[in-house]
Amino acid sequence: MKFFFILIAVFLGSTNPDLGTIRAHFKVANNSKEKANAFYELFSEEPAASALVEAYRGAAITLKAKNSSDLLHKKKYATEGLTILEKSIAKEPKNVEMRLIRLSIQEHAPKILKYNSNIQEDRKMIVEGYKKESKAVKDLIKDYSLQSKVFSDTEKQNF
């Protein structure tokens, strides 16, 4: 009987949270170190079942880098997070939500990282793909665009 409960605990402990929870944490993760840490804690060390959840995990690790005070940890987390994010996008290059994740990371990345080469490409894909997305993704895009400097006022009004 103990084995059965241990098996359930391990199974439940290793699952990733649902997309609604992930999106809610992502929206506020850049607001404070505590919120970034809460976003990071949603994910296990194991790769996620979907490229989208894996992209969010990459973003969470990247935010961990932003909030680290140790330069070696900053570099380690940034490299790991960006690698995960880029691999996820390579698996699904037309995924608008993943492009939004990357755009948000690139828009806020320190200039020293030189991680900003896809901003206009991602913006264009988001604008063009917006109408085809689910309500949840549309809401995420709209919320993000309001504080973003990448989108024009016209684009923001069309979201």
Side-chain angles (χ1 to χ4, degrees), residues 12-127 129-130 133-151 155-156 159:
L12 292 175
S14 67
T15 60
N16 283 305
D18 66 275
L19 277 174
T21 301
I22 292 170
R23 288 174 179 139
H25 277 78
F26 177 74
K27 282 182 181 182
V28 298
N30 205 29
N31 293 351
S32 71
K33 184 176 182 176
E34 292 76 22
K35 290 179 180 180
N37 285 336
F39 180 49
Y40 176 80
E41 293 298 323
L42 292 176
F43 303 96
S44 68
E45 295 296 318
E46 301 167 14
S50 75
L52 179 58
V53 173
E54 192 66 356
Y56 276 114
R57 185 169 83 89
I61 294 168
T62 302
L63 283 170
K64 184 90 170 157
K66 175 186 172 189
N67 293 306
S68 178
S69 57
D70 181 280
L71 289 178
L72 289 175
H73 284 113
K74 272 187 183 293
K75 183 178 179 186
K76 175 188 172 278
Y77 288 133
T79 302
E80 180 184 359
L82 296 177
T83 300
I84 290 169
L85 179 57
E86 290 298 329
K87 283 182 179 179
S88 298
I89 291 172
K91 289 178 186 175
E92 294 183 25
K94 296 186 182 199
N95 187 305
V96 172
E97 189 170 359
M98 283 196 266
R99 294 302 187 110
L100 178 69
I101 296 166
R102 180 168 70 182
L103 178 96
S104 72
I105 298 296
Q106 288 191 0
E107 188 172 7
H108 295 98
K111 300 242 186 274
I112 195 166
L113 280 181
K114 297 181 182 173
Y115 186 67
N116 59 6
S117 61
N118 302 101
I119 289 177
Q120 292 309 316
E121 171 191 338
D122 291 346
R123 182 198 59 76
K124 182 180 177 189
M125 183 174 277
I126 292 164
V127 169
Y130 175 79
E133 294 301 314
S134 69
K135 181 178 178 348
V137 175
K138 285 179 179 177
D139 289 346
L140 190 66
I141 292 168
K142 183 174 184 152
D143 289 348
Y144 181 77
S145 74
L146 294 175
Q147 59 84 39
S148 173
K149 294 177 182 159
V150 172
F151 297 100
E155 289 168 339
K156 291 176 183 183
F159 289 145

Residue that, paired with Glu155, satisfies salt bridge (charged side-chain N to carboxylate O under 4.0 Å, His left out) out of Arg123, Lys124, Lys149 |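 Checked Arg123, Lys124, Lys149 against Glu155; only one passes salt bridge (charged side-chain N to carboxylate O under 4.0 Å, His left out): Arg123.
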
Contact check, side chains of [X] and [Y], non-hydrogen atoms, under 4.5 Å:
X: Leu103; Y: Met125; result: no
X: Arg99; Y: Pro93; result: yes
X: Leu85; Y: Tyr115; result: yes
X: Asn118; Y: Ile89; result: no
X: Asn67; Y: Tyr77; result: no
X: Leu100; Y: Asp122; result: no
X: Phe151; Y: Val127; result: yes
X: Val137; Y: Arg23; result: yes

Sequence neighbours excluded, which residues qualify as side chain to side chain donor-acceptor pair (under 3.5 Å) partners of Glu54?
->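 Counting only residues at least two positions away or on another chain, Glu54 forms a side chain to side chain donor-acceptor pair (under 3.5 Å) with Arg57.
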
With Lys114, which residues qualify under side chain to side chain donor-acceptor pair (under 3.5 Å), at least two apart?
->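 Counting only residues at least two positions away or on another chain, Lys114 forms no side chain to side chain donor-acceptor pair (under 3.5 Å).
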
Heavy atoms only: give me the nearest [X]-[Y] pair and the separation to one decimal.
X: Ala55; Y: Ser88; result: N-OG, 3.3 Å
X: Val96; Y: Gly129; result: CG2-CA, 4.1 Å
X: Met98; Y: Leu52; result: CG-CD1, 3.7 Å
X: Ala65; Y: Ala78; result: CB-N, 3.4 Å

Looking at [X] and [Y], would you say the former's side chain and the latter's main chain have a donor-acceptor pair under 3.5 Å?
X: Asp18; Y: Thr21; answer: yes
X: Ser68; Y: Lys64; answer: no
X: Ser104; Y: Ile101; answer: yes
X: Glu133; Y: Glu97; answer: no
X: Gln147; Y: Tyr144; answer: yes

Going from [atom1] on [X] to [atom2] on [Y], what distance comes out if it is rounded to the nearest 0.5 angstrom?
X: Asp143; Y: Ser145; atom1: CG; atom2: OG; result: 8.0 Å
X: Glu86; Y: Ile105; atom1: CD; atom2: CD1; result: 10.5 Å
X: Thr62; Y: His108; atom1: OG1; atom2: NE2; result: 13.5 Å
X: Thr79; Y: Ile61; atom1: OG1; atom2: CD1; result: 11.5 Å

Assess Lys138 against Tyr130: is NZ or CZ under 6.0 Å from the centre of the six-membered ring, and within 45 degrees of the ring's axis?
->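 Verdict for Tyr130: a cation-pi partner in Lys138.
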
Show the atom names and distances, to 0.1 Å, of all donor-acceptor pairs under 3.5 Å that link a side chain in residues 36-43 to residues at least two apart or in another chain.
| from | atom 1 | to | atom 2 | distance (Å) |
| --- | --- | --- | --- | --- |
| Asn37 | ND2 | Lys33 | O | 3.4 |

Heavy atoms of other groups near Lys156 NZ, more than 12 under 6.0 Å =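 Yes.
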
